[in-house]
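Notes for the one structure printed next.
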Amino acid sequence: MVNVIKHPLITHKLTQMRKAETGTKDFRQNLDEIAGLMAYEITRDLPLKPVRVTTPVAPCDTYELAKPIILVPILRAGLGMVNGICTLIPIAKVAHIGLYRDEQTLQPHTYFEKYPKNIKDATVIIVDPMLATGGSAIAAIDMVKKQGAQDIRLANLVAAPEGVQAVEEAHPDVDIYLAALDDHLDAHGYIVPGLGDCGDRIFGTK
């Protein structure tokens with residue numbers, strides 16, 4: 001299922017990120033804030049378990065999260081979404097998947113992966129600001145499934161329809177959360193209108 005999160009604050013902040021003149025500091029800050037806002041929707045249906053706690057006044061029957069949460073940023077741009085989500089969910093653990101895209105074939109190649117031990121029992125949220133061809137997202141989902149993950153969600157800032165379709169066909173069991181669904185991919189595999197190379201804009205490398 002594809003969920004395009006409609007919220008005025010997300011739309012406003014994403015508009016600032018799209019502007020070519022937006023500098024690294026503001027780009028990074030807006031991404032951080034959007035990720036935090038998206039986290040509310042991404043985690044809306046997390047399972048809870050009953051617990052009894054003692055308040056300063058009396059015992060209280062209430063609920064807390066039933067499963068651990070693991071964020072899986074796709075390096076390097078995915079790191080830009082981690083802090084915003086961890087601010088909301090400080091108990092989340094963070095895995096890392098390193099992928100790069102061959103500029104000629106547009107296919108992903110793995111160079112690093114590291115996971116917490118309890119991934120089989122966790123809600124796994126893969127994060128990457130851009131969902132273009134879908135190759136990196138599909139590869140990342142394949143990788144966490146090999147580790148035993150079953151409850152997997154994909155969170156992207158901006159996506160192209162081609163990438164969404166590719167992920168849906170490869171992994172129909174994975175819900176996709178977006179801040180915006182853009183128009184198409186260009187001949188170089190970039191999202192149009194998009195916001196440029198997200199990794200370069202986050203880290204000021206271009």
Side-chain angles (χ1 to χ4, degrees), residues 1-5 10 28 30-51 62-101 108-132 134-159 163-164 166-179 198-199 202-203:
M1 181 172 61
V2 180
N3 304 273
V4 181
I5 301 171
I10 290 177
R28 189 184 297 151
N30 279 291
L31 176 57
D32 189 74
E33 292 169 354
I34 290 173
L37 291 168
M38 290 181 67
Y40 281 97
E41 290 300 320
I42 297 167
T43 59
R44 178 178 291 275
D45 64 344
L46 289 182
L48 297 171
K49 63 181 179 181
V51 295
T62 182
Y63 298 88
E64 63 183 15
L65 292 175
K67 298 167 63 175
I69 297 172
I70 296 177
L71 302 182
V72 186
I74 299 176
L75 304 179
R76 62 184 168 143
L79 292 173
M81 297 180 69
V82 169
N83 186 62
I85 297 176
C86 281
T87 298
L88 184 71
I89 317 171
I91 62 170
K93 295 182 178 179
V94 182
H96 293 85
I97 288 179
L99 296 170
Y100 70 91
R101 185 171 71 165
H109 297 274
T110 306
Y111 64 88
F112 183 78
E113 54 182 316
K114 184 74 172 178
Y115 307 98
K117 294 180 180 179
N118 61 342
I119 193 169
K120 295 180 180 180
D121 304 316
T123 295
V124 175
I125 305 172
I126 299 172
V127 295
D128 192 0
M130 313 301 283
L131 178 58
S136 293
I138 291 169
I141 296 168
D142 286 339
M143 292 162 73
V144 298
K145 283 186 174 181
K146 286 181 181 178
Q147 298 297 317
Q150 299 181 36
D151 180 4
I152 305 168
R153 302 155 194 230
L154 175 65
N156 307 105
L157 199 68
V158 176
V164 170
V167 173
E168 287 185 313
E169 290 176 354
H171 295 286
D173 56 319
V174 174
D175 287 343
I176 303 171
Y177 295 85
L178 308 173
C198 199
I202 291 169
F203 298 108

Checklist entry - What heavy-atom pair brings I138 and A166 nearest, and what distance separates the two atoms? => result CD1-O, 3.5 Å
Checklist outcome for this item: Minimal heavy-atom distance between G36 and L88, with the atoms involved, is O-CD2, 4.0 Å
Item to check | Test side chain to side chain contact (heavy atoms under 4.5 Å, CB included) applied to I126 and I97, N156, L154, the passing residue | outcome: L154
Next on the checklist: Does Y40 form a side chain to side chain contact (heavy atoms under 4.5 Å, CB included) with I5? I'd like the steps, not just the answer.
Outcome noted: CA-CA 10 Å; Y40 281 97; I5 301 171; over 6 Å; no
Next on the checklist: With a 4.5 Å cut-off on side-chain heavy atoms, are L79 and H96 touching?
Outcome noted: yes
Next on the checklist: Using side chain to side chain contact (heavy atoms under 4.5 Å, CB included), reason through Q147 and V72 one step at a time and then give a plain yes or no.
Outcome noted: CA-CA 12 Å; Q147 298 297 317; V72 186; over 6 Å; no
Item to check | Smallest separation among heavy atoms of G80 and I202, with atom names | outcome: CA-CD1, 4.1 Å
Checklist entry - Taking C-beta and beyond as the side chain, do E169 and V167 meet within less than 4.5 Å on heavy atoms? => result no
Checklist entry - Checking side chain to side chain contact (heavy atoms under 4.5 Å, CB included) for the pair I89/I91: CA distance, chi angles, key distance, verdict? => result CA-CA 5 Å; I89 317 171; I91 62 170; 3.9 Å; yes
Item to check | H171 vs D173, side chain to side chain contact (heavy atoms under 4.5 Å, CB included): CA-CA, chis, key distance, verdict | outcome: CA-CA 5 Å; H171 295 286; D173 56 319; 3.8 Å; yes
Checklist outcome for this item: Closest heavy-atom pair, A77 versus D128, reported as atoms and distance to 0.1 Å, is CB-OD1, 4.0 Å
Next on the checklist: Is there a side-chain contact between E41 and N3 in this structure, where contact means two heavy atoms from C-beta onward sitting under 4.5 Å apart?
Outcome noted: no
Next on the checklist: If I take atom CG from residue L131 and atom OH from residue Y177, how far apart are they, to the nearest 0.5 angstrom?
Outcome noted: 15.0 Å
Checklist outcome for this item: When every non-hydrogen atom of T87 is compared with those of P90, the smallest separation belongs to O-CD, 4.0 Å
Checklist entry - For the atom pair CD1 (I10) and CD (E33), what is the distance rounded to the nearest 0.5 Å? => result 11.5 Å
Item to check | Spacing of CE belonging to M81 relative to SG belonging to C86, to within rounding of 0.5 Å | outcome: 11.5 Å
Item to check | Reported CG-to-CG distance for the pair L178 and L157, which is rounded to 0.5 angstrom | outcome: 9.0 Å
Checklist entry - Below 4.5 Å, heavy atoms only, C-beta onward: do D45 and R153 meet side chain to side chain? => result yes
Checklist entry - Do other residues, nucleotides or ligands put more than 12 heavy atoms under 6.0 Å from the NZ atom of K93? => result no
Checklist outcome for this item: Rounding to 0.5 Å, atoms CG (D175) and CE (M1) come to a distance of 4.5 Å
Next on the checklist: Against I125, only a single residue in I70, V82, I152, I69 fulfils side chain to side chain contact (heavy atoms under 4.5 Å, CB included); can you say which?
Outcome noted: I69
Item to check | Residue Y63 excluded, over 12 heavy atoms near OH under 6.0 Å | outcome: no
Next on the checklist: To the closest 0.5 Å, what do you measure between NZ (K49) and CG (L65)?
Outcome noted: 9.0 Å
Next on the checklist: For a quick test of reading the model, state the closest non-hydrogen atom pair linking A139 to L99 and the distance between them.
Outcome noted: CB-CD1, 4.2 Å
